[in-house]
Amino acid sequence: MIDEEKNNSPLDLSYLRDMSGDSAEFMIEMIDMFKVQTPLYVADLEQSFEAQDWEKMAGYAHKIKPTLSYVGREDARGHLQLIENNARDLKDLEDMPRALKELNEFVAILYRQLDEAKAELAKRL
């Protein structure tokens, strides 16, 4: 389940910080890449839902999951795991529209958090 408290807190960028050797420039590049890639992945996820291609949908959900760890949102990763499992196991498919709506709402919040994190990082350049 997506953690509402984390929606209102700064992102935990410790993974990116460790991976980048605390390079603000590299972390900003990773955030930018995340913001370019994620909408494409979410669009693929939604298209596979519309086509009722459950195998592809499970694959796209799987593809998005690790990117959420990079920005410290393990809670949302669990939400995608549920989407992936349900699509793969053809389970609770009637709940998919709600799950996708929640994902889109989360992504909007995440982009705001990423913009805030990026602004803080930019101060270090």
Side-chain angles (χ1 to χ4, degrees):
M1 206 57 189
I2 294 173
D3 182 345
E4 294 297 323
E5 193 176 312
K6 278 194 169 196
N7 283 347
N8 299 309
S9 304
L11 291 174
D12 174 5
L13 297 179
S14 54
Y15 179 86
L16 272 184
R17 200 169 286 114
D18 291 346
M19 194 171 79
S20 70
D22 200 25
S23 163
E25 188 176 349
F26 179 80
M27 290 169 70
I28 288 171
E29 284 177 28
M30 291 299 290
I31 288 170
D32 286 343
M33 191 166 60
F34 182 92
K35 286 184 69 180
V36 168
Q37 289 296 320
T38 306
L40 302 175
Y41 292 158
V42 171
D44 288 340
L45 189 68
E46 289 175 333
Q47 287 169 356
S48 60
F49 169 73
E50 294 298 327
Q52 296 192 352
D53 188 334
W54 308 118
E55 188 177 327
K56 273 189 180 170
M57 189 173 186
Y60 290 130
H62 183 80
K63 196 177 198 177
I64 298 169
K65 280 187 318 193
T67 65
L68 296 169
S69 298
Y70 301 157
V71 293
R73 290 305 304 257
E74 289 290 332
D75 57 314
R77 194 171 190 249
H79 185 71
L80 276 155
Q81 184 67 59
L82 185 66
I83 290 173
E84 177 185 348
N85 291 347
N86 287 350
R88 187 177 348 111
D89 300 340
L90 304 178
K91 191 175 135 222
D92 298 327
L93 298 178
E94 68 280 359
D95 291 337
M96 281 299 183
R98 183 183 47 77
L100 289 172
K101 181 178 182 289
E102 288 174 5
L103 177 64
N104 279 307
E105 289 168 357
F106 163 75
V107 167
I109 291 165
L110 180 59
Y111 290 163
R112 176 184 49 78
Q113 289 177 306
L114 288 167
D115 288 341
E116 290 167 4
K118 197 172 147 181
E120 285 301 309
L121 289 165
K123 293 177 185 175
R124 293 176 33 198
L125 296 178

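Note that these values count all heavy atoms, side chains included, but never hydrogens, waters or copies made by symmetry. Counting begins at 1 with the first residue of the sequence.
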**Request:** Start with the C-alpha distance between E120 and E116, add both sets of side-chain angles, then the distance that settles side chain to side chain contact (heavy atoms under 4.5 Å, CB included), and finish with yes or no.
**Result:** CA-CA 6 Å; E120 285 301 309; E116 290 167 4; 6.0 Å; no
**Message:** Can you confirm whether the side chains of Q81 and N85 place a donor and an acceptor under 3.5 Å from each other?
**Reply:**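 There is such a pair between these side chains.
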**Request:** Establish, from distance only, whether the side-chain atoms of Q113 and N7 form a donor-acceptor pair under 3.5 Å.
**Result:**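 Checked: Q113/N7 side chains show no N/O donor-acceptor pair below 3.5 Å.
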**Asked** Out of E46, H79, R98, which one pairs with L103 under the side-chain contact (heavy atoms from CB on, under 4.5 Å) rule?
**Response**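 Single side-chain contact (heavy atoms from CB on, under 4.5 Å) partner of L103 among E46, H79, R98: H79.
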Is the backbone N or O of [Y] less than 3.5 Å from a side-chain atom of [X], with the two atoms forming a donor-acceptor pair by type?
| X | Y | answer |
| --- | --- | --- |
| D92 | D95 | no |
| S23 | S20 | no |
| D89 | K91 | no |
| D75 | D3 | yes |
| T67 | I64 | yes |
| H62 | E84 | no |

**Message:** What I'd like to find out is whether the side chain of L11 reaches to under 4.5 Å of the side chain of L110, using heavy atoms alone.
**Reply:**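 They are in contact (side-chain heavy atoms under 4.5 Å apart), so the answer is yes.
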**Request:** Side-chain contact test, heavy atoms from C-beta onward, threshold under 4.5 Å: evaluate it for F34 versus L68 and give yes or no.
**Result:**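 F34 reaches L68 side chain to side chain.
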**Prompt:** Given the rule in the side chain to side chain contact (heavy atoms under 4.5 Å, CB included) test, do M57 and N86 qualify, once you have shown the distances and angles that lead to the verdict?
**Reply:** CA-CA 10 Å; M57 189 173 186; N86 287 350; over 6 Å; no
Could you tell me whether [X] and [Y] make a salt bridge, using a distance below 4.0 angstrom between a side-chain N and a carboxylate O?
| X | Y | value |
| --- | --- | --- |
| D32 | K118 | yes |
| R88 | E55 | no |
| R17 | D12 | no |

**Message:** Before you tell me yes or no, could you show the steps for Y15 and Y70 under ring-ring contact (aromatic ring centres under 6.0 Å, His included), namely the whole-Å CA-CA distance, both residues' side-chain angles and the distance that decides it to 0.1 Å?
**Reply:** CA-CA 6 Å; Y15 179 86; Y70 301 157; 5.3 Å; yes
